[in-house]
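Heads up: the structure comes next, in C-alpha cells.
FYI, the numbering just counts along the sequence from 1.
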Amino acid sequence: MNPYMTTFLIAAGLVLLFIIWIFYEERKRKKTILRNIRRNYGAPSERQYETGDMEKISHYFRRRCRQEFVIDDITWNDLDMDRVYQMVNQTMSSPGEDVLYDMMRRPLFSQEEVDDRERLIDFFSSHAKEREEMQLLLSKVGKTRLGSLSDTVLELNEAPKASVGIHIVMLALLLGSLAAALFVYPVLGFFLLMVLMIVNIVIYYTGRDRKLIEAYLDCFAHLFGMLSAADDMEKVKWPEVKKQMDAISDGKQAFRKIRRKAFFLTGKTSDGGDLLQVFMDYVRMVFHVDILIYNSLLREIQGKTDKITELLDNIGELDAAISVSSFREMLSLQCRPQFVPGNQGKITLDVEDLYHPLLHEAVANSIHVSGGILVTGSNASGKSTFLKNVAVNSILAQTICTCTCASYRAPFLKVMTSMALRDDLSGGESYFIVEIKSLKRILDESKKEEPLLCIIDEVLRGTNTIERIAASSRILKELSRKWVLPFAATHDIELSYILDGIYTNYHFSEDVREKKVIFDYILKKGRATTRNAIRLLDMLGYDPKLVEDAKNAAVSFEQNGVWAPMKEKT
C-alpha cells in the first residue's frame, strides 16, 4: 500500500477515535449532570459559599436597581436574607443565581405579575421531564469562578485591544514552512516548522498580548456558553416558556456574526470539560488564532449591553423558577400567598401555622392582625424570631410566591425593618445614631399612604430608659396609620400600657421547672407578666443574697416607681 495512503488512514482513524471519545465523554457528562439534578431537586442546597460570594452575586441587582421600592440593605441584613437566599438557591447557572437574588430583593406589587411568575414556577413543579431538560440546557451556561456572570460578561465593554502584528508575521512563517514541508523541501521544511512551532509557543505564553486577553477569556467563554445554550433553547416549544424563549432568541441574534470565530477563541465555558476544546488549546498555542481574532470579536460585542442583559434576564428567570420549584418541594409545609386589597380601614395580615424556614424544629404560630402589634416577653422567648418570620414570609410571598405557612392573606406590602443594628465604626456613628437613622427611613416611608409592613425590635435600645420610653412610644404612635402594619418587640412593659388601645398586645412566656427555663415559643394574646433575668442569675449559681436583693429592688421599684439608693459595701 502507498505509504502516503497508510499515513492518511492512520491519521483518519485517530481522528475518528478522538471524535468517538468526545461523544462518549459528553454522553457520560450528561448522565452525571442528570443524576445530580435528580438527587438535588427538593433537597437542601450543597453549594458552599466563600467570603465575598454573596457580594458578587448582589452586583446584578445593584446594577439593575431603579427608583421603585426594593428590599433595602438594612432590612435584608436584619432578616438574614442571605441565608434564606442560599436555602432557596438550587440554580444551575450564574445568570440563575444573579436573577434569583434580584428577584428576592424586588417585590411584586400586582396580581398580574404574581400570576405570571407563579405559572412559570408551577409549570416546572408539575413537569419533571421538561424541568430536567431545561436544567441540562442551563448546565451549559454554568457558573463563573468570578462570582457574577453579569460582572464577567459586561467587563468586555472596558476590555483593551491586543497588538497582533508579530502574530500575523509568525502565522505567515508557519504556513510558509508547512507549504515547504509538503511540496518543496520536506526535511528542511519540517525542521523549520518544528522550530517555528516551538518559538510560537514560547511567544504565546511569555508575550504581553496573551496575558492581556487572558483576563477576558472567562468573559468570552461564558458569553459563548450562554449563546450556545440559547441555540439549544430555540428548539424548546413549550407554550409556558414562550415569553422567555422569544426574548432569548432576540438577544442572541445580535451576536450571530461572532459565532464562527468564537470556537477559535475559547471553549464554550471555561468550567466545562469539553474535550474538543482541549485539542483546540494546542491549536491556539501554536497558531495564536485566539489573539488574532480577539479584536474583531471585541468590536462585535462592545456596545451590546442591552442584549447581553436580555439574555441574562431570561435565562436566569428560567433557572430561578426551577430553583423556587425545588425549594417548595423541600418544605414540609408551604402555601401560595393570597393577596387581598386593603380595606378602607386598617390593613390586615392573616397567617396560619407560620414558621421560620431557617429553623429545623420551628414552632408554628398563627395570627390575624389589623393595626399595630406590640410583642413583649422575656429574653430568648422568641420575640425577635417571630417578628423576623412575619417579615421574611411577606418578602417571600411577593418575590417567589411561596410562604412557609398553611395560609397567608395580606395586601401587597412594602417591608422595612429596624432590628439587628450595630455601631458604624467606619462612619464614626454610635449605635443610637445608627438606630434613629434607621427608624427615620421607616417613618419617612410611612407618610406615602401605601401599604407598609414595618418591623422594629427593641425601639431605641441605645439610650436611657426614660427617654427611650418617651420617644419610642411617640414613634410607634406615629406609625399607627391605617395603611401601616407596625410590629414592635420590647422589654419595656410600660409601652404596653402607654400604647394600650393603639397597639394590640401579644407576648411569649416561659415556664421554670427544676431550675430550668422552658420556652414554648407560642405566641399568646396580652402583655407579658413574667421576667426571667433575675431567675437566670439564680439558676446559674450567683450568690443567693445578691439574687434576693435584686428581686427586692425590682419589687420596690414596681410599687413605688423610685429606685432605692444603695449603701456602700463594708
Side-chain angles (χ1 to χ4, degrees), residues 363 365 372-388 418-423 430-432 435-436 439 455-477 479 486-570:
V363 175
N365 280 291
I373 298 298
L374 191 65
V375 184
T376 51
S378 305
N379 293 311
S381 61
K383 301 188 303 298
S384 298
T385 300
F386 172 72
L387 295 187
K388 288 180 180 180
S418 181
M419 301 183 76
L421 304 173
R422 57 181 63 87
D423 294 351
S430 69
Y431 177 90
F432 181 68
E435 185 179 22
I436 60 175
L439 290 169
I455 308 289
I456 303 172
D457 192 14
E458 297 298 340
V459 196
L460 299 181
R461 75 179 78 178
T463 191
N464 64 80
T465 304
I466 295 174
E467 290 187 302
R468 179 175 67 247
I469 294 173
S472 61
S473 59
R474 272 58 188 177
I475 289 171
L476 292 176
K477 181 187 176 183
L479 288 171
F487 280 67
T490 183
H491 280 100
D492 295 321
I493 202 70
E494 295 88 346
L495 288 177
S496 69
Y497 293 96
I498 296 172
L499 296 168
D500 199 16
I502 301 175
Y503 279 69
T504 303
N505 284 301
Y506 284 84
H507 73 278
F508 288 90
S509 60
E510 72 286 338
D511 188 18
V512 179
R513 302 175 191 167
E514 298 179 358
K515 297 240 172 185
K516 286 186 180 178
V517 178
I518 308 298
F519 296 105
D520 59 19
Y521 305 112
I522 296 174
L523 184 69
K524 305 172 184 72
K525 270 210 164 185
R527 63 179 59 87
T529 57
T530 61
R531 296 171 180 167
N532 66 17
I534 296 177
R535 279 195 241 181
L536 286 172
L537 297 180
D538 183 33
M539 290 167 52
L540 292 175
Y542 274 63
D543 186 336
K545 187 176 178 183
L546 183 152
V547 174
E548 187 63 27
D549 196 20
K551 285 181 184 177
N552 293 336
V555 170
S556 174
F557 178 80
E558 288 174 343
Q559 292 173 348
N560 305 315
V562 177
W563 290 107
M566 298 181 68
K567 295 179 181 179
E568 185 177 353
K569 189 173 180 179
T570 57

Given the rule in the side-chain contact (heavy atoms from CB on, under 4.5 Å) test, do L495 and T376 qualify, once you have shown the distances and angles that lead to the verdict?
CA-CA 9 Å; L495 288 177; T376 51; over 6 Å; no
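- Interatomic distance, E494 CD to L499 CG, rounded to the nearest 0.5 Å: 11.5 Å.
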List the steps, then state whether side-chain contact (heavy atoms from CB on, under 4.5 Å) holds for I455 with K388.
CA-CA 8 Å; I455 308 289; K388 288 180 180 180; over 6 Å; no
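- Of the possible polar contacts, none joining the Y503 side chain to the A488 backbone as a donor-acceptor pair under 3.5 Å is found.
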Evaluation steps, side-chain contact (heavy atoms from CB on, under 4.5 Å), between R527 and D500
CA-CA 10 Å; R527 63 179 59 87; D500 199 16; 3.9 Å; yes
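- Considering every non-hydrogen atom in both N505 and S496, the closest pair reads OD1-CB, 3.2 Å.
- Distance alone, capped at 3.5 Å, is enough to place a donor-acceptor pair between the S473 side chain and the I469 backbone.
- Looking at K383, its side chain does come within 3.5 Å of a backbone N or O of G377 through a donor-acceptor pair.
- Here the CD1-CD distance, from I534 to E548, works out to 9.5 Å after rounding to the nearest 0.5 Å.
- With contacts defined as side-chain heavy-atom distances shorter than 4.5 Å, the pair T490/V459 does not qualify.
- Taking every heavy atom of both residues into account, E510 and S378 meet most closely at OE1-OG, 2.8 Å.
- Taking every heavy atom of both residues into account, R474 and A470 meet most closely at CD-O, 3.1 Å.
- N365 places a side-chain N or O within 3.5 Å of a backbone atom of Y521 that can act as its donor or acceptor partner.
- Judged by distance alone, the side chain of E458 and the main-chain N or O of H491 form a donor-acceptor pair under 3.5 Å.
- E435 and L460 get closest at one heavy-atom pair: OE2-N, 2.6 Å.
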Under the side-chain contact (heavy atoms from CB on, under 4.5 Å) criterion, do V555 and K551 qualify, and how do the steps go?
CA-CA 6 Å; V555 170; K551 285 181 184 177; 5.6 Å; no
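- The number of heavy-atom neighbours closer than 6.0 Å to CD1 of I518, taken from other residues, nucleotides and ligands shown, is above 12.
- Atoms NZ and CZ, on K524 and F508 in that order, are 7.5 Å from each other to the nearest 0.5 Å.
- Between Y497 and I493, the shortest heavy-atom distance links the atoms CD1-O, 3.4 Å.
- Separating the CZ atom in F487 from the OG1 atom in T504 is a distance of 9.5 Å, to the nearest 0.5 Å.
- Not a single donor-acceptor pair under 3.5 Å links the side chain of D549 to the backbone N or O of K545.
- Contact of the L479 side chain with the I456 side chain is registered, since non-hydrogen atoms from C-beta on lie closer than 4.5 Å.
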